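Below is one structure; the comments refer to it alone.
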Amino acid sequence: AMTLLLSTRESYKWIDSVDRYRFPRWALLPYLQQCENLWPLEEATIGNRTKTKDDIRRFYEWHQQHVRDVAARYSPSLAFIEVDLEQDNEKIGAMLEEKIGIPASCWGTKNINKKYPGSGQK
């Protein structure tokens, strides 16, 4: 059976993380704000205006539920694991080791951006 892992966090914390995330030449939030058709019925919801942080946060909530719905549709041939990124890394690692056999030490916060305080922190 295949396993689908959905890592989540509260949507307000997720959008704050997206807002802080920087690549060498561009920032993630403005990029997402310009994307078209991020989710079904987007056009009916917001029209052609530039997406706000709240719009992108709602997309994230829609995406989480969509993944859950897909997992439910294909259960039991698809194993579904959802982890809350706000939990303790050791607890998540132990759960993943138990459920799918990866060493607990493989799980942790790896994307801390030292240039932007608070990035990679819970």
Side-chain angles (χ1 to χ4, degrees):
M2 280 203 287
T3 301
L4 177 62
L5 175 68
L6 176 63
S7 58
T8 65
R9 63 172 25 137
E10 198 271 318
S11 64
Y12 289 98
K13 290 184 178 187
W14 179 83
I15 196 65
D16 287 343
S17 177
V18 167
D19 197 17
R20 287 190 312 266
Y21 195 82
R22 304 288 189 270
F23 290 100
R25 294 190 186 107
W26 58 279
L28 183 56
L29 181 61
Y31 177 78
L32 288 173
Q33 288 174 313
Q34 297 303 315
C35 288
E36 295 180 13
N37 302 315
L38 283 174
W39 67 93
L41 304 176
E42 171 191 329
E43 188 174 326
T45 306
I46 64 172
N48 291 329
R49 68 171 167 73
T50 300
K51 293 168 193 66
T52 64
K53 283 174 71 171
D54 200 48
D55 294 328
I56 302 300
R57 185 187 58 76
R58 283 194 310 272
F59 156 73
Y60 175 72
E61 292 171 347
W62 170 85
H63 171 74
Q64 287 179 329
Q65 189 57 52
H66 180 68
V67 171
R68 291 178 190 116
D69 292 346
V70 167
R73 189 175 323 132
Y74 291 99
S75 179
S77 62
L78 175 70
F80 178 64
I81 300 172
E82 184 171 340
V83 296
D84 179 354
L85 294 175
E86 302 302 320
Q87 286 184 2
D88 178 69
N89 280 332
E90 288 182 17
K91 187 183 278 188
I92 295 171
M95 182 270 297
L96 291 174
E97 185 170 337
E98 177 186 324
K99 291 192 182 255
I100 59 177
I102 66 165
S105 60
C106 289
W107 185 266
T109 303
K110 304 293 185 201
N111 65 339
I112 297 172
N113 184 338
K114 294 176 181 141
K115 189 174 179 180
Y116 297 94
S119 110
Q121 297 176 0
K122 293 183 179 175

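Computed from heavy atoms alone, side chains included, the values below leave out hydrogens, waters and symmetry copies. Everything numeric here is computed off the predicted structure, so don't read it as measured data.
Residues satisfying the side chain to side chain donor-acceptor pair (under 3.5 Å) criterion with Glu90, sequence neighbours excluded, are absent altogether. Listed by chain and number, the residues in a side chain to side chain donor-acceptor pair (under 3.5 Å) with Asp19 are Lys53 (sequence neighbours excluded). With sequence neighbours left out, the side chain to side chain donor-acceptor pair (under 3.5 Å) criterion links Ser75 to no other residue. Under the ring-ring contact (aromatic ring centres under 6.0 Å, His included) criterion, Trp107 pairs with no residue at all, not counting sequence neighbours. Shown here are the ring-ring contact (aromatic ring centres under 6.0 Å, His included) partners of Tyr31, two or more places apart in sequence or in another chain: Trp26. Every residue two or more places apart in sequence or in another chain that forms a side chain to side chain contact (heavy atoms under 4.5 Å, CB included) with Ser105 is listed here: Pro103. Scanning for salt bridge (Lys or Arg N to Asp or Glu O under 4.0 Å) contacts around Glu10 gives an empty result, with sequence neighbours left out. A search for side chain to side chain contact (heavy atoms under 4.5 Å, CB included) contacts involving Ala27 returns Arg22, Pro30, not counting sequence neighbours. For Tyr60, the ring-ring contact (aromatic ring centres under 6.0 Å, His included) partners two or more places apart in sequence, or in a different chain, are Trp14.
Here the OG-CD distance, from Ser7 to Glu86, works out to 11.0 Å after rounding to the nearest 0.5 Å. Between Leu28 atom CG and Gln33 atom CD the span is 9.5 Å, to the nearest 0.5 Å. Annotation: the span from Asn89 atom CG to Lys91 atom NZ amounts to 11.5 Å, rounded to 0.5 Å. How far CG of Asp54 is from OG of Ser11: 8.5 Å, rounded to the nearest 0.5 Å.
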- Item | Test log, rule side-chain contact (heavy atoms from CB on, under 4.5 Å), inputs Leu5 and Leu96 | CA-CA 10 Å; Leu5 175 68; Leu96 291 174; 4.0 Å; yes
- side-chain contact (heavy atoms from CB on, under 4.5 Å) evaluation trace for Arg9 with Ser17: CA-CA 10 Å; Arg9 63 172 25 137; Ser17 177; 3.5 Å; yes
- Query: Can you list the steps and then say if Leu29 with Ile15 is a side-chain contact (heavy atoms from CB on, under 4.5 Å)?
  - Reply: CA-CA 8 Å; Leu29 181 61; Ile15 196 65; 3.9 Å; yes
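Listed by first and then second residue, the salt bridge (Lys or Arg N to Asp or Glu O under 4.0 Å) pairs involving residues 66-75 are Arg68-Glu82 (not counting sequence neighbours). For residues 92-106, no residue pair satisfies the salt bridge (Lys or Arg N to Asp or Glu O under 4.0 Å) rule, not counting sequence neighbours.
Under the 4.5 angstrom side-chain criterion for Ile, Leu, Val, Met, Phe, Trp and Tyr, the cluster partners of Phe80 are Met2, Leu4, Leu6, Val67, Val70, Tyr74, Leu78.
The two residues Thr50 and Asp55 make their nearest non-hydrogen contact at O-OD2, 4.3 Å. Closest non-hydrogen pair, Ala104 versus Ala94, comes out as CB-N, 3.8 Å.
Using a 4.0 Å cut-off between charged nitrogen and carboxylate oxygen, Lys13 and Asp16 do not count as a salt-bridge pair.
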